[in-house]
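First the structure, in the form of structure tokens, and then the observations on it.
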4 protein chains.
Amino acid sequence: MTESVGVRRAQAQRTRCGVLDAAAAVFVDQGVQAPVRDIAERAGVGVGTIYRNFPTRAELVTAVYRHQIDACAALAPRLLAESDSPFTALGRWLDAFVDFLVTKHGLGAALGSGDPGLENLHALMLDTLLPACESLLDACADAGELRPGVTAYPLLRAVGNLCITGPDYDRAVARRMVELLLAGCRAER
Amino acid sequence: MTESVGVRRAQAQRTRCGVLDAAAAVFVDQGVQAPVRDIAERAGVGVGTIYRNFPTRAELVTAVYRHQIDACAALAPRLLAESDSPFTALGRWLDAFVDFLVTKHGLGAALGSGDPGLENLHALMLDTLLPACESLLDACADAGELRPGVTAYPLLRAVGNLCITGPDYDRAVARRMVELLLAGCRAER
Amino acid sequence: MTESVGVRRAQAQRTRCGVLDAAAAVFVDQGVQAPVRDIAERAGVGVGTIYRNFPTRAELVTAVYRHQIDACAALAPRLLAESDSPFTALGRWLDAFVDFLVTKHGLGAALGSGDPGLENLHALMLDTLLPACESLLDACADAGELRPGVTAYPLLRAVGNLCITGPDYDRAVARRMVELLLAGCRAER
Amino acid sequence: MTESVGVRRAQAQRTRCGVLDAAAAVFVDQGVQAPVRDIAERAGVGVGTIYRNFPTRAELVTAVYRHQIDACAALAPRLLAESDSPFTALGRWLDAFVDFLVTKHGLGAALGSGDPGLENLHALMLDTLLPACESLLDACADAGELRPGVTAYPLLRAVGNLCITGPDYDRAVARRMVELLLAGCRAER
DNA sequence: AATGAATGAGGCTTCATTCAT
DNA sequence: CATGAATGAAGCCTCATTCAT
């Protein structure tokens, strides 16, 4: 009896993961505004299942990106330890962030859209990425490598915006633009 | 007879302008994907009138922004003549561009959306703003003030993206980020 | 003064004819349900002018075909006089009718549609073509060439229906089918 | 679990049938171009249900008539076996076809409309009725009862057209006209 | 009498969301 | 828990018709 409950829970967990995978894939293809039914189909479940697990679209979007966001945040201290200078670490970390954003296209637009239902995601990113970014910026500032007044939140938002790609403005271009922005953040010598 | 036709035409022209004003206002509130009916209501006309004057949404969007785009483009040579250095002129011109984009927020998102059908607008901006920006960049390059490899199109797209504002990321922040990007475009000494 | 009234009337008459010509042409291209605006454009007038002259679509349709209907009716006595036998005359007359119907495609469908607003046209055809057809049938009956029980009205309706053409069922096929129907109407020997 | 799914499917099937019945009824009243909403209302369902089951109007129309078309086609060999002569069988079969067409009046018009998108229906009729008719015609030809050059497709189209009924041109008249057409198809002795 | 701008009803279609099984 | 059929609001667009000039 207790066991069967465990089995059921495990099954539910697997369903949930399947939905997340499907949603991630569909978001790549169609953006975060993709029809719920498309996600359900890709996951091989009914739409009701999506709604049970993620009553709002924002919750789904948030859940989809939580893992990657966590991974990205966890990267910061590692890069800081590995790199020659804090500023180099910051550059590498932003590269990773760009990769994350550009791969999941539609996310950048979603973040920038000001959609009130996406505040969860926004909050999530703030909660995890902001501290990570701040730690890097602090290190840069301590090393005298950072132009004064550069703060984490606007920087992340700016990078997020720069990663809204399209035809003629692809990942490579986005990276280049982030590079330029970063160059502008370096303390003048 | 001829006169009354003229009167009618004038009235139609006024209607058309009313639609453009309404559309501009609604675009600010809701973005360029706002329902046609909302625009019609704000303009105090029927939806049919919108469709009569602007058969496709792209034509409406384009018309809404055409004047301001033209004005912005015309600013480039003037600033170039007035300013101490080409790079200063570029900075001022981008400020004007930012003002334009931020005021009409939704335009940035529209440009970044990759929505086919908005290619008219895209083309319009390329046709008018790209040459303006290029003239400034060329002048900067001639003066040795520009980091090699910075070109007009990605720069405009990037600035457009940086101007997608929201709560906690307003016009002032956007300006600041564009400033940093621009700083990154300056040739290192 | 009286003259200028005459001039105005003549002008109005010309306008009316222009509309009729345009409508006829548009009906050939798009059928009798073509948008009023298309007709107005083709005629080079405003839609208001159409409505002034032909308050209902049925009146316009009727007017468009009146001349040709009259001509077709007038053909009957001529063919009867020219032909070897009344049945031959009937065949030729139906050929002319088929040509009329098929050329103005959409008319057949219109007649068969049972559209209550097209009863004028229906009445017109009855008033003019029915007597013509009856005269031919009577002559055939007198000559003993007609299967008993064949009457004008159903025959005209049937021919009208047979002339609803489409891809893979064109004028030539329609003619052939009318021929077969006619063959079925000939008295058995 | 499996059972409840079965119940749901059965319910869905009943809904589907209800839609088909409603559509058939509405088509009789208003023709196959009737507004989707009218069909939905008559069926007591939402418009979405119509679109779920029949994404295009053509699919709906096709489904509505499929059963009867199949039944009609299946009649051909039976009549051929039962009847004295192939030509008699052909006559009886066309009678059945006429009954089918006249009862669902709107079908004839649909077939004759040339509306693209209704090609499914067209194809369906070709696929099922054409071979049936051809088998009868072949038998007639073998028996020397058929006028040379009479083929199935135009004949079916012609009969379809003859069955576009209206006031003063009802089922009985349509039958009579088809009889005459058929008489014209009989080989002359 | 002619014009054509404006209107808005009406039809189409999509999809987020609910709920009975 | 999962399902997916059903719903209907919401957008889109077309065009018949009116009416001020």
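Bear in mind that the values here come from a model prediction, so they are computed numbers and not experimental data. Proteins get letters first, then strands, A, B, ... in listed order; numbering begins at 1 in each.
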Between T49(B) and dA5(E), is there a side-chain N or O to OP1/OP2 distance below 4.0 Å? no

Take atom [atom1] of [X] and atom [atom2] of [N], then tell me their distance rounded to the nearest Å.
| X | N | atom1 | atom2 | value |
| --- | --- | --- | --- | --- |
| I39(B) | dA6(E) | CD1 | P | 16 Å |
| F54(B) | dA6(E) | CZ | P | 10 Å |
| R8(D) | dG4(F) | CZ | P | 6 Å |
| I50(C) | dA1(E) | CD1 | C1' | 14 Å |
| R9(D) | dA2(F) | CZ | P | 18 Å |
| Q33(B) | dA10(F) | CD | P | 18 Å |
| D38(C) | dA16(F) | CG | C1' | 13 Å |
| R52(A) | dC19(E) | CZ | P | 13 Å |

If we ignore hydrogens and angles and just use 3.5 Å, is the side chain of [X] paired with the main-chain N or O of [Y] as donor and acceptor?
| X | Y | answer |
| --- | --- | --- |
| R57(D) | V32(D) | yes |
| R16(D) | I50(D) | no |
| D38(D) | A34(D) | no |

Could you measure the distance from the CG atom of L20(A) to the CG atom of N53(A)? Nearest 0.5 Å is fine. 8.0 Å

Give the dot-bracket line for DNA chain E from 5' end to 3' end: parentheses for intra-strand Watson-Crick or G-U pairs under 3.5 Å, square brackets for crossings, | for inter-strand pairing, dots for unpaired. .||||||||||||||||||||

Listed pairs, N/O of protein and of nucleotides 13-15 of chain E, under 3.5 Å:
residue : atom : partner : partner atom : Å
dT13(E) : OP2  : Y51(D)  : OH           : 2.6

Could you list the residues that satisfy side-chain hydrogen bond (donor to acceptor under 3.5 Å, both in side chains) with D70(A), not counting sequence neighbours?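 For D70(A), no residue satisfies side-chain hydrogen bond (donor to acceptor under 3.5 Å, both in side chains) once neighbours in sequence are set aside.
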
Taking only residues two or more places apart in sequence or in another chain, which ones pass side-chain hydrogen bond (donor to acceptor under 3.5 Å, both in side chains) with R42(A)?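 Listed in chain order: D29(A).
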
Do you know which two heavy atoms are closest between A43(C) and G18(C), and how far apart they sit?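 Reported closest heavy-atom pair: CB-O, 3.9 Å.
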
Pick the closest DNA chain F nucleotide for A34(C) and for V45(A) by heavy atoms, then say which residue is nearer the 5' end. V45(A)

Of the candidates dA6(E), dA2(E), dA2(F), the side chain of N53(B) sits closest to dA6(E)

pair T56(D)-Y51(D): side-chain heavy atoms closer than 4.5 Å: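 Side chain of T56(D) against side chain of Y51(D), heavy atoms only: no contact under 4.5 Å found.
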
Give a yes-or-no answer on whether the side chains of T62(C) and E59(C) include a donor-acceptor pair shorter than 3.5 Å. no

Going by atom types only, do R14(D) and Q11(D) share a side-chain donor-acceptor pair under 3.5 Å?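 Yes - a donor-acceptor pair under 3.5 Å links their side chains.
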
Taking only residues two or more places apart in sequence or in another chain, which ones pass side-chain contact (heavy atoms from CB on, under 4.5 Å) with R9(B)? V5(B)

In numerical order, the residues of residues 13-21 of chain B whose heavy atoms come under 4.0 Å of DNA chain F are none

